[in-house]
Every structure is written in C-alpha cells, then in structure tokens.
Amino acid sequence: MCGKFQSPEPQDNNGSTPNPQLQPIINLDHGDPTMYESYWKQFGQKYSTNISVSQSLSYFANPKNLCWFLEPKLEEQIKNIHEVVGNAVVENRHVVVGTGSSQLILAAMYALSDPLNDPNPVSVVSASPYYSSYPEMADFLRSGLFKWAGDARTFDKDGPYIEMVTTPNNPDGFIREPVVNRAKGMPVHDLAYYWPQYTAITSAADHDIMLFTVSKCTGHAGSRIGWAIVKDEAVARKMVKFIEVSSIGVSKEAQNRAATILEIISLSCSTKSDDNKLEHFFEYSHALMAERWKKLREAIKNNKLFHLAKFPKLHCNFAKDYTETYPAFAWMKCNESGVDCEKLLKGHKILTRNGKKFGSDEEYVRISMLSRDEEFDLFLQRISAIVHHDN
C-alpha cells in the first residue's frame with residue numbers, strides 16, 4: 001500500500017480534484033539534467049556550432065596526438081575550464097575523450113586489467129552506496145579481464161583490483177576516498193560531480209585516472225562527451241585503443257559543440273572581458289541547486305517519514321567562500337522499517353531508483369534534483385502531501 005495524502009494537488013478549473021490515476025508520472029529515476037535548459041535558452045541562436053558538409057570527413061583530428069581523435073579545440077577548452085575552476089590538475093597529463101564517461105569507465109577497466117595477463121578476471125569494487133551502473137557495466141560483456149566484486153568495504157580477496165571512487169558520490173553526494181587501500185589496488189576517480197554548483201572545490205584533484213563529463217557539468221547529456229585526465233602514458237594509450245576498437249573515435253560534431261559550450265562557461269566566469277555580458281554559469285547553477293535543496297528540505301521538514309542527510313559547509317577555492325553541498329541527487333531514506341521507498345513513491349506516480357541497486361537497502365531511494373522546474377515543483381507538491389505509510 002502507498003502513503004496517504006495530507007492534501008490534494010491543485011484543483012482543476014471546475015474546482016474539482018483531479019483523479020490521481022490521471023495525474024502525470026514524474027520520472028526522477030534518471031539524472032537527466034534538463035534543469036540547465038533555463039540557463040542555455042537565454043542565448044537563443046547567439047552561440048551555435050555550425051559545421052559545413054565539407055568538414056569533419058576524416059577519422060583523425062590530430063594524428064600526432066596520443067588521442068588522435070581528440071579535437072584540438074576541445075582539448076584546449078577542457079584544460080582551460082579545469083584551470084578556471086581549479087578542480088583538477090591538467091599539466092603534463094594526457095586527455096582522452098570518450099562517448100560520455102560511460103565509455104571511459106570501460107576503457108579504464110580495460111586499460112588497467114589487460115596488461116596484467118591474469119588468468120582470472122580482475123575484481124572491480126566500489127564502496128556502497130555506489131553508482132548503480134558500475135555492476136552492470138563491469139559484467140555486461142562477461143569479459144575475462146574484469147568482473148564486478150561488490151562493495152569495497154567488504155572486499156577481502158587477494159590480488160589486483162580496480163576500485164571505482166566516485167566523489168562527490170552518486171547517489172549520496174558525500175566526498176569519497178579509496179576504501180580498500182592495498183598494494184595492488186588501481187583506483188579510478190569518477191569526478192562527474194566535482195563542479196562548483198554541487199560541492200566546494202577544496203583542491204585540484206590529482207589522481208592517476210580522473211573522469212569527467214559534460215552531462216553533469218553543463219547539462220548537455222545528449223552530446224555524449226566525456227573525458228579522462230590520465231597520468232600514465234601507457235594507460236592512456238590503452239584507453240585510446242579501447243575507444244578505437246569500440247567506436248573508432250568520438251563524433252567530431254559533438255566534440256566541437258562541447259568545446260563551444262565549455263568556452264562559454266569559462267568566459268562567463270571571467271571578469272576581465274569588457275564584452276562579457278554572460279551570466280556566470282556556476283553562480284547561476286549553484287543558486288538553482290541551493291533553491292531546490294531548500295525547497296525539498298522544507299517539503300519534508302515536518303514529515304517523520306522521510307530523512308535527508310545534512311552536509312557540512314566547506315571552503316570553496318573557486319567561490320572564495322564557505323559553501324554548502326547541493327548534490328545532483330537526493331539520497332532519501334524512509335524512516336519506517338521494512339518500507340520499500342521506491343514502491344511507496346511509485347504509488348504517487350514518482351519514479352525513483354531503489355537503494356538496492358546501489359548496494360544499499362530498499363528503505364533508500366535516489367531522486368534526481370536535475371529535472372525541469374515544472375516537474376520538480378510537482379514532485380514537491382506530491383511528496384509534501386505524503387504523511388505516513390500504510391501497512
């Protein structure tokens with residue numbers, strides 16, 4: 001059974017309450033970043049990427065580059081945005097572009113496991129709650145090179161292993177470090193959410209493999225562009241080989257669009273340009289995230305059924321001030337023992353992702369905070385009306 005409503009949703013023009021069965025489904029299962037549309041729509045056609053039919057015919061972007069399909073403009077703008085924000089070390093590092101960070105995760109697993117020539121698959125672990133796609137990605141092709149081995153906190157197998165470290169973490173938003181910390185460990189840092197709108201930039205990340213994506217930085221998930229910043233040349237070459245075999249590179253049109261988008265964001269952060277009339281992207285998106293989190297906390301503050309974690313204020317080097325954490329997802333717990341929170345919310349036509357998919361419990365759900373305004377507002381109306389759960 002589903003939770004009861006404290007009050008109905010807004011009435012229709014005739015003053016009657018709409019039939020709950022006819023209400024629209026709110027899909028907050030996926031982290032589809034349509035929230036950012038409000039920022040980008042203000043530009044209209046002023047900033048667009050025009051590619052003629054005579055361009056981008058070759059497979060190669062720069063044959064002399066280690067990542068030969070990486071467009072020079074995109075590499076330049078990737079390095080520039082990291083220098084502007086200060087969230088990653090890029091000097092003397094190799095940049096590898098991929099079709100979203102999903103392809104790069106697999107490329108990293110391949111690059112780290114293939115040279116070992118181990119007769120057994122290398123274990124892939126991540127501390128629970130972990131990104132729900134890690135298990136499926138590791139096991140999808142049933143590779144003999146690597147295999148999902150579960151929660152890093154309970155991992156006790158000898159030998160080499162790959163540890164996925166997502167920080168800030170998806171789904172709960174907390175800062176993470178490697179958990180296993182053994183001699184043969186190979187950490188991969190997934191930093192998709194290490195941007196100022198979500199968390200304080202406390203230092204420039206400096207790890208062996210760091211993964212980023214435009215989808216969570218800028219909101220352009222449909223462009224399918226991600227990049228890895230890699231220290232070791234041999235590992236970077238292996239990652240490039242994986243992408244070469246799986247997709248023979250990455251779309252040049254998507255790369256050039258991503259380069260333009262990153263350039264706009266960097267320009268919006270600049271105070272030196274006389275022609276700069278761009279609204280500061282990170283200030284805008286940080287304010288939007290702050291407002292959404294405030295509204296969600298207010299919606300459940302008098303409700304003993306749901307619980308959200310609190311985050312400490314940290315000094316952000318980018319903002320030059322103490323800032324709060326506003327994760328892209330809400331990791332919400334239903335306080336009543338044994339309640340399937342996903343099922344409870346689904347009864348009110350709110351689709352979320354069950355905590356079990358993250359290696360946690362069914363009392364938890366992951367809720368996207370990145371939907372369009374109208375969807376998010378309707379979600380707030382519905383969740384504020386759920387007062388308790390019926391057995």
Side-chain angles (χ1 to χ4, degrees), residues 27-51 55-56 61 67 69-82 84-85 87-88 95-105 131 133 168 170 190-199 210-229 243 247 249-269 278-289 292 326-329 368-373 375-376:
N27 191 342
L28 302 178
D29 179 355
H30 304 289
D32 200 18
T34 49
M35 174 193 80
Y36 290 98
E37 286 178 352
S38 60
Y39 178 85
W40 294 107
K41 280 182 177 180
Q42 65 182 300
F43 297 111
Q45 297 299 315
K46 183 177 180 181
Y47 296 98
S48 59
T49 304
N50 297 314
I51 301 174
Q55 288 180 269
S56 303
C67 187
F69 45 82
L70 171 59
E71 285 290 305
K73 182 181 177 182
L74 178 58
E75 181 176 18
E76 176 188 355
Q77 293 306 323
I78 285 172
K79 291 181 177 180
N80 188 47
I81 192 69
H82 285 302
V84 169
V85 175
N87 62 341
V95 178
V96 180
V97 67
T99 304
S101 61
S102 299
Q103 187 181 35
L104 291 164
I105 290 169
Y131 175 40
S133 292
N170 174 1
D190 187 343
L191 305 181
Y193 303 94
Y194 192 44
W195 296 100
Q197 65 265 53
Y198 305 120
T199 190
M210 301 182 288
L211 307 180
F212 295 89
T213 171
V214 297
S215 66
K216 298 307 185 290
C217 171
T218 76
H220 292 82
S223 292
R224 307 308 307 131
I225 292 293
W227 64 90
I229 300 172
I243 295 168
S247 58
V250 177
S251 166
K252 290 185 176 182
E253 289 83 357
Q255 287 190 64
N256 284 313
R257 183 172 188 241
T260 299
I261 291 162
L262 292 178
E263 184 178 16
I264 293 170
I265 292 177
S266 294
L267 287 172
S268 78
C269 300
L278 300 173
E279 185 169 8
H280 195 297
F281 174 79
F282 290 116
E283 290 181 357
Y284 176 94
S285 51
H286 182 268
L288 192 54
M289 292 301 300
R292 290 192 169 198
Y326 302 111
F329 299 100
S368 173
M369 298 290 287
L370 304 178
S371 62
R372 293 182 178 92
D373 288 341
E375 293 171 321
F376 188 75

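What you are looking at is a predicted structure, and each value in this text was computed from that prediction instead of being measured.
To the nearest 0.5 Å, the span separating CG on Leu191 from OG on Ser101 amounts to 10.5 Å. Separation of atoms CD1 (Ile81) and CH2 (Trp195) is listed at 5.5 Å; rounding is to 0.5 Å. Here the CD-CG distance, from Glu375 to Asp32, works out to 8.5 Å after rounding to the nearest 0.5 Å. From Tyr36, atom OH reaches atom SG of Cys217 across 7.5 Å, with rounding to the nearest 0.5 Å. Between atom CG of residue Leu74 and atom CD of residue Glu263 there is a gap of 11.5 Å, rounded to the nearest 0.5 Å. Atoms CG and OG1, from Leu104 and Thr213 in turn, are 8.5 Å apart once rounded to the nearest 0.5 Å.
Annotation for Tyr198 and Lys216: closest pair OH-O, 2.7 Å, computed over non-hydrogen atoms. Minimum interatomic distance between Phe69 and Val97 (heavy atoms only, all atoms of both residues): CE1-O, 3.4 Å. The minimum heavy-atom distance between Thr218 and His220, with the atom names listed, is OG1-ND1, 2.8 Å. Closest non-hydrogen pair, Ala259 versus Lys73, comes out as CB-CG, 3.7 Å. Across Ala228 and Leu211, no two heavy atoms sit closer than the pair CB-CD2, 3.6 Å. The heavy-atom pair separating Ser102 from Arg224 by the smallest distance is OG-NH2, 4.2 Å.
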Given side-chain hydrogen bond (donor to acceptor under 3.5 Å, both in side chains), test Ser266 with Gln77 step by step and report yes or no.
-> CA-CA 8 Å; Ser266 294; Gln77 293 306 323; 4.5 Å; no
Using the side chain to side chain contact (heavy atoms under 4.5 Å, CB included) rule, take Met35 and Arg372 through it: C-alpha gap first, then chi angles, then the decisive distance, then the call.
-> CA-CA 5 Å; Met35 174 193 80; Arg372 293 182 178 92; over 6 Å; no
Full working for side chain to side chain contact (heavy atoms under 4.5 Å, CB included) between Leu28 and Ser371 | CA-CA 7 Å; Leu28 302 178; Ser371 62; 3.7 Å; yes
Test log, rule side chain to side chain contact (heavy atoms under 4.5 Å, CB included), inputs Ile225 and Val250 = CA-CA 8 Å; Ile225 292 293; Val250 177; 3.6 Å; yes
From CA spacing to verdict: side chain to side chain contact (heavy atoms under 4.5 Å, CB included), Val214, Ile261 | CA-CA 9 Å; Val214 297; Ile261 291 162; over 6 Å; no
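Proximity of Trp40 to Ile264: side-chain heavy atoms (C-beta onward) are separated by under 4.5 Å at one or more points. Residues Glu283 and Gln197 have side chains not in contact (no heavy-atom distance under 4.5 Å, counting atoms from C-beta outward). His280 places a side-chain heavy atom less than 4.5 Å from the side chain of Cys269. Side chains of Phe282 and Val85 form a contact here, defined as non-hydrogen atoms less than 4.5 Å apart. Contact annotation: the side chain of Ile243 approaches that of Val96 to within less than 4.5 Å [non-hydrogen atoms, C-beta and beyond]. The closest side-chain heavy-atom distance from Asp190 to Asn170 is not below 4.5 Å. At a threshold of 4.5 Å between non-hydrogen side-chain atoms, the residues Ile51 and Ser56 count as touching. The side-chain heavy atoms of Leu262 and Asn80, taken from C-beta on, include no pair separated by under 4.5 Å.
Taking the six-membered ring for Trp and the full ring otherwise, His82 and Phe212 have centroids separated by under 6.0 Å.
Remark: Tyr39 engages Phe43, Phe281, Tyr284 in a ring pair (Phe, Tyr, Trp, His ring centres under 6.0 Å) (not counting sequence neighbours). When the side-chain hydrogen bond (donor to acceptor under 3.5 Å, both in side chains) test is applied to Asp373, the partners found at least two apart in sequence or on another chain are Arg292.
A side-chain donor-acceptor contact under 3.5 Å links Asn27 to the backbone of Asp29. The backbone N or O of Leu370 lies less than 3.5 Å from a partner atom in the side chain of Ser368, making a donor-acceptor pair. Side chain of Gln255 to backbone of Glu71: a donor-acceptor contact under 3.5 angstrom is found.
Here Lys79 pairs with Glu75 in a salt bridge; the nearest charged N to carboxylate O distance falls below 4.0 Å.
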